[in-house]
Amino acid sequence: TLTLTGPKTSESFGVADFPVNQDFPVGDYTLEAAYGNEGDEGFGKPWYYGSTALTVLENKTTPVSVTASLANAMVSVQYTEAVKQYFASYEAEVASSTGNSFAYTADETNALYVMPGKVDINVSLTKQNGVSAKLNPYSFTAEARHHYIVTFDVNGGEVGAAQLIIKFDQELATET
């Protein structure tokens, strides 16, 4: 969606429907480009946004360029083979700063899109003997355009007393 806001107008258009040959009154405008819905969170719900200021002058063509970037953050949860072998069941919950919580099941491989802000990672684990626990082992502040990868491991795959290891990786996701 492209939205043009100015002194006497605020109109939204689909990209293909933007009236490139239409005359607009002289003045200062803001052109916004968006894909997805602001505030939406969940699997398969990216939100891209960008804006630029422009000035329309009398009898002039005004070239405009606007870049929409990922405006929310991506979170992925991974489990090592050691976790899969050691626990009978395991599942993470990702809670965002908006108050939404999402189950990140053991077989989920897609990234979860969340609004920037505090993110809590909770994990529910059940050992082979039926003993279970729910832990809040990690929290972080998510930023737009970042992909956060949280990996759960047990003993780094080695034998011995069980020790839960959390690896945290953040990468800047840039893609045209």
Side-chain angles (χ1 to χ4, degrees), residues 1-79 91-123 136-152 166-176:
T1 303
L2 296 173
T3 303
L4 185 65
T5 305
K8 296 179 181 176
T9 187
S10 181
E11 299 180 61
S12 294
F13 309 92
V15 174
D17 301 325
F18 191 83
V20 294
N21 295 322
Q22 180 177 332
D23 292 334
F24 291 95
V26 171
D28 294 326
Y29 291 82
T30 300
L31 180 65
E32 298 172 289
Y35 174 81
N37 297 308
E38 180 179 6
D40 271 3
E41 294 181 309
F43 294 100
K45 293 189 176 184
W47 176 51
Y48 292 88
Y49 177 80
S51 71
T52 190
L54 64 118
T55 301
V56 172
L57 302 172
E58 189 168 340
N59 297 321
K60 300 279 185 182
T61 299
T62 306
V64 180
S65 177
V66 62
T67 300
S69 301
L70 186 64
N72 47 12
M74 299 166 58
V75 177
S76 294
V77 177
Q78 301 174 341
Y79 309 94
E91 179 176 285
E93 175 190 60
V94 178
S96 73
S97 61
T98 63
N100 292 325
S101 291
F102 302 93
Y104 212 105
T105 61
D107 59 348
E108 183 62 66
T109 57
N110 294 310
L112 174 67
Y113 293 90
V114 296
M115 295 302 295
K118 184 179 181 209
V119 174
D120 289 316
I121 305 292
N122 303 303
V123 63
N136 175 246
Y138 199 72
S139 296
F140 61 94
T141 302
E143 297 179 41
R145 297 185 315 277
H146 283 72
H147 186 183
Y148 299 91
I149 302 169
V150 180
T151 303
F152 288 97
I166 299 120
K167 296 177 184 173
F168 180 72
D169 181 22
Q170 62 181 15
E171 61 183 58
L172 184 61
T174 59
E175 187 175 316
T176 302

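What you see is a predicted model; the values in this text were computed from it and never measured. Index from 1, following the sequence.
- Summarising the geometry, atom OG1 belonging to Thr61 is positioned 9.0 Å from atom CG belonging to Asp23; distances are rounded to the nearest 0.5 Å.
- Side-chain contact between Val94 and Val77 is present, with at least one heavy-atom pair separated by less than 4.5 Å.
- Note on ring orientation: taking the six-membered ring where Trp is involved, the planes of Tyr48 and Tyr35 are tilted (angle from 30° to 60°).
- In this structure, the side chain of Asn136 engages the main chain of Ile121 through a donor-acceptor pair within 3.5 Å.
- Remark: the Gln78 side chain and the Thr151 side chain contain an N/O donor-acceptor pair separated by less than 3.5 Å.
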What verdict does the side-chain contact (heavy atoms from CB on, under 4.5 Å) test give for Asn122 and Tyr104, after you've listed the backbone C-alpha separation in whole Å, the side-chain angles of each residue and the deciding distance to 0.1 Å? CA-CA 10 Å; Asn122 303 303; Tyr104 212 105; over 6 Å; no

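- Counting only heavy atoms from C-beta outward, the side chains of Pro46 and Leu70 approach each other to under 4.5 Å.
- With contacts defined as side-chain heavy-atom distances shorter than 4.5 Å, the pair Tyr29/Thr9 qualifies.
- Smallest separation of non-hydrogen atoms from Leu31 and Phe18: CD1-CE1, 4.2 Å.
- A distance of 4.5 Å separates CD in Glu108 from CG in Asn110, rounded to the nearest 0.5 Å.
- In plain terms, the two heavy atoms of Trp47 and Ala34 that are nearest each other are NE1-CB, 4.3 Å.
- Side chain of Glu41 to main chain of Met115: a donor-acceptor pair is present (N/O by atom type, distance under 3.5 Å, no hydrogens or angles).
- Here the closest heavy-atom approach between residue Ser12 and residue Thr1 is recorded as CB-CG2, 4.0 Å.
- Remark: the Tyr49 side chain and the Glu32 side chain contain an N/O donor-acceptor pair separated by less than 3.5 Å.
- Taking each heavy atom of Ala33 and Ala68 in turn, the nearest pair found is O-CB, 4.0 Å.
- Using a 3.5 Å distance cut-off with no hydrogens or angles, the side chains of Glu11 and Thr3 do not pair a donor with an acceptor.
- Of all heavy-atom pairs between Ala144 and Pro116, the closest is N-CG, 3.9 Å.
- Using a 4.5 Å heavy-atom cutoff, the side chains of Thr30 and Thr52 are not in contact.
- A donor-acceptor distance shorter than 3.5 angstrom exists from the side chain of Tyr148 to the backbone of Glu143, with no hydrogens or angles considered.
- When atom types are taken as modelled, the side chain of Asn100 and the backbone of Val114 share no donor-acceptor pair closer than 3.5 angstrom.
- When side chains are defined from C-beta on, Thr141 does not count as touching Val119, because their heavy atoms never get closer than 4.5 Å.
- Partner of Asp120 under the side-chain hydrogen bond (donor to acceptor under 3.5 Å, both in side chains) criterion, out of Ser101, Ser97, Ser139, Ser96: Ser139 alone.
- Phe43 and Leu112 get closest at one heavy-atom pair: N-CD1, 3.7 Å.
- To the nearest 0.5 Å, atoms OH (Tyr113) and CG (Asn72) are separated by 7.5 Å.
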